**Student:** 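Before anything else, here's the structure in question.
All residue numbers refer to positions in the sequence shown, counting from 1. Quick caveat: nothing in here was measured; it's all calculated off a predicted structure.
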Amino acid sequence: MTYCVGLRLNTGLVFMSDTRTNAGVDNFSVTKKMFTFETPGERVITLMTAGNLATTQALISLLEERSKTPSERSPTILEQPTMFQVARVVGETLKEVIESSGPDGQTASAKFKASVIVGGQIKGGSPTLFMIYPEGNFIEVTDDTPFFQIGETKYGKPILVRAYEADMSFEDAIKLLMVSFDSTIKANLSVGLPLDLQTYAKDSFEARNQPRIEGDDAYYQAISQGWGDALRSALMHLPSYELK
């Protein structure tokens with residue numbers, strides 16, 4: 001399984017993904033799930049993937065191949081005029097990969113399904129995020145839905161819903177995501193460290209801050225321990241139930 005989150009802030013975008021893939025309880029490996037396409041000064045596009053690994057790797061390979069030789073191969077996301085059109089191309093490519101995965105073509109509900117978060121900014125537009133479904137259709141982030149999750153979403157969502165603010169700093173957003181991922185990792189064996197992180201500052205048209213957070217990262221360990229202690233303290237300060 002997978003856990004990926006994309007947040008839209010007033011100051012830009014924040015992306016975080018885990019890297020665990022598994023084929024059984026005793027067969028884990030590390031695989032990158034975050035990919036960035038960039039034309040400095042003109043556009044930055046980041047994708048995060050969840051689902052069947054063969055499908056997501058084929059999707060990224062196709063997008064990369066078509067982007068490296070735009071004069072000969074199309075469509076390329078590096079030539080689309082808007083992020084909406086980028087999402088459309090990614091959705092169509094995902095659908096193409098899924099349909100070609102079996103001898104008779106596979107439906108989105110089959111074992112080859114995958115989902116994608118696409119985010120970034122193209123000059124002339126605003127930073128935005130899209131969530132793309134296996135069928136190739138997609139939705140865009142809104143003020144009411146300011147973040148997207150894919151993969152194992154349920155364990156890390158409560159803290160995002162309660163604590164997210166559009167005007168929070170990148171630093172606070174990363175702290176929030178750390179708590180969300182730590183909660184998910186502790187609850188689900190199929191999500192695990194290391195984590196990939198990327199921030200994008202509005203109108204910078206440059207990808208920055210792309211660290212990999214390993215299991216022994218001091219900040220992550222401090223967040224994990226501190227959040228657990230804070231939860232226990234908060235619980236003890238809540239009114240006790242009165243048995244009658």
**Student:** Start with the C-alpha distance between Met83 and Gln121, add both sets of side-chain angles, then the distance that settles side chain to side chain contact (heavy atoms under 4.5 Å, CB included), and finish with yes or no.
**Tutor:** CA-CA 7 Å; Met83 284 300 300; Gln121 183 179 19; 5.6 Å; no
**Student:** Is it true that Leu13 and Phe147 fall in one hydrophobic cluster, defined by side-chain heavy atoms closer than 4.5 Å?
**Tutor:** no
**Student:** Measure from NZ or CZ of Arg20 to the centre of the six-membered ring of Phe28 and say whether it is under 6.0 Å with the direction within 45° of the ring axis.
**Tutor:** yes
**Student:** Do Asp144 and Thr142 meet the criterion of a side-chain donor-acceptor pair at a distance under 3.5 Å?
**Tutor:** no
**Student:** Under 3.5 Å, is there a donor on one side chain and an acceptor on the other for Thr36 and Gln198?
**Tutor:** yes
**Student:** Verify the distance criterion only: is there a donor paired with an acceptor across the side chains of Glu140 and Thr128 at less than 3.5 Å?
**Tutor:** yes
**Student:** In terms of side-chain geometry, is the basic nitrogen of Lys33 or Asp18 positioned less than 4.0 Å from the acidic oxygen of its partner?
**Tutor:** yes
**Student:** Taking Val30 as the starting point, is it possible to reach Leu195 by hopping between hydrophobic residues whose side chains are less than 4.5 Å apart?
**Tutor:** no
**Student:** Do you see a donor-acceptor pair shorter than 3.5 Å between the side chains of Thr76 and Ser67?
**Tutor:** yes
**Student:** Say whether Val118 and Leu78 are linked into one hydrophobic cluster, either directly or through other cluster members, by side-chain heavy-atom distances under 4.5 angstrom.
**Tutor:** yes
**Student:** Side chains of Gln221 and Asp217 only: does a donor on one sit below 3.5 Å from an acceptor on the other?
**Tutor:** no
**Student:** Does a donor on one side chain sit under 3.5 Å from an acceptor on the other, for Ser180 and Tyr3?
**Tutor:** yes
**Student:** Salt bridge check: are Lys244 and Glu242 linked by an N-O gap of less than 4.0 Å?
**Tutor:** no
**Student:** Would you check if there is a donor-acceptor pair between the side chains of Ser17 and Lys32 at a distance under 3.5 Å?
**Tutor:** no
**Student:** Is Lys175 salt-bridged to Glu171, cutoff N-O under 4.0 Å?
**Tutor:** no
**Student:** For Leu47 and Leu63: C-alpha separation, side-chain torsions, deciding distance, then whether side chain to side chain contact (heavy atoms under 4.5 Å, CB included) applies.
**Tutor:** CA-CA 11 Å; Leu47 281 73; Leu63 292 173; 3.5 Å; yes
**Student:** Does Glu99 pair with Lys113 as a salt bridge, N-O distance under 4.0 Å?
**Tutor:** no
**Student:** Verify the cluster assignment for Val86 and Val141: are they in a single hydrophobic cluster under the rule of side-chain heavy atoms below 4.5 Å apart?
**Tutor:** no
**Student:** Tell me if the centroids of the rings in Phe84 and Phe138 come within less than 6.0 Å of each other.
**Tutor:** yes
**Student:** Determine yes or no for a side-chain-to-main-chain donor-acceptor pair under 3.5 angstrom, with Thr153 supplying the side chain and Ile150 the backbone.
**Tutor:** no
**Student:** With Thr199 as reference, evaluate Leu9, Leu7, Val14 under the side-chain contact (heavy atoms from CB on, under 4.5 Å) test and give the passing residue.
**Tutor:** Val14
**Student:** Test side chain to side chain contact (heavy atoms under 4.5 Å, CB included) on Thr49 and Phe35 and set out the steps.
**Tutor:** CA-CA 9 Å; Thr49 61; Phe35 307 89; 4.2 Å; yes
**Student:** Take a 6.0 Å sphere around CG of Asp143 and say whether it holds more than 12 heavy atoms from other residues, nucleotides or ligands.
**Tutor:** no
**Student:** Count the heavy atoms belonging to other residues, nucleotides or ligands that lie under 6.0 Å from NZ of Lys123, then report whether that count exceeds 12.
**Tutor:** no
**Student:** Is Ile60 reachable from Val44 through a run of I, L, V, M, F, W or Y residues, each pair having side-chain heavy atoms under 4.5 Å apart?
**Tutor:** no
**Student:** Could you go through Tyr220 and Phe181, starting from their C-alpha distance and side-chain angles, then the distance that decides it, and tell me whether this counts as ring pair (Phe, Tyr, Trp, His ring centres under 6.0 Å)?
**Tutor:** CA-CA 10 Å; Tyr220 177 83; Phe181 273 76; 9.0 Å; no
**Student:** Rounded at 0.5 Å granularity, tell me how far CD1 in Ile174 sits from CE in Met168.
**Tutor:** 10.5 Å
**Student:** For the atom pair CG (Leu189) and CD (Glu152), what is the distance rounded to the nearest 0.5 Å?
**Tutor:** 11.0 Å
**Student:** Just checking, is any N or O donor in the side chain of Asp196 or Gln210 under 3.5 Å from an acceptor N or O on the other one?
**Tutor:** no
**Student:** Between Tyr155 and Asn188, does the side chain to side chain contact (heavy atoms under 4.5 Å, CB included) criterion hold? Intermediate values first, please.
**Tutor:** CA-CA 8 Å; Tyr155 302 107; Asn188 192 299; 3.8 Å; yes
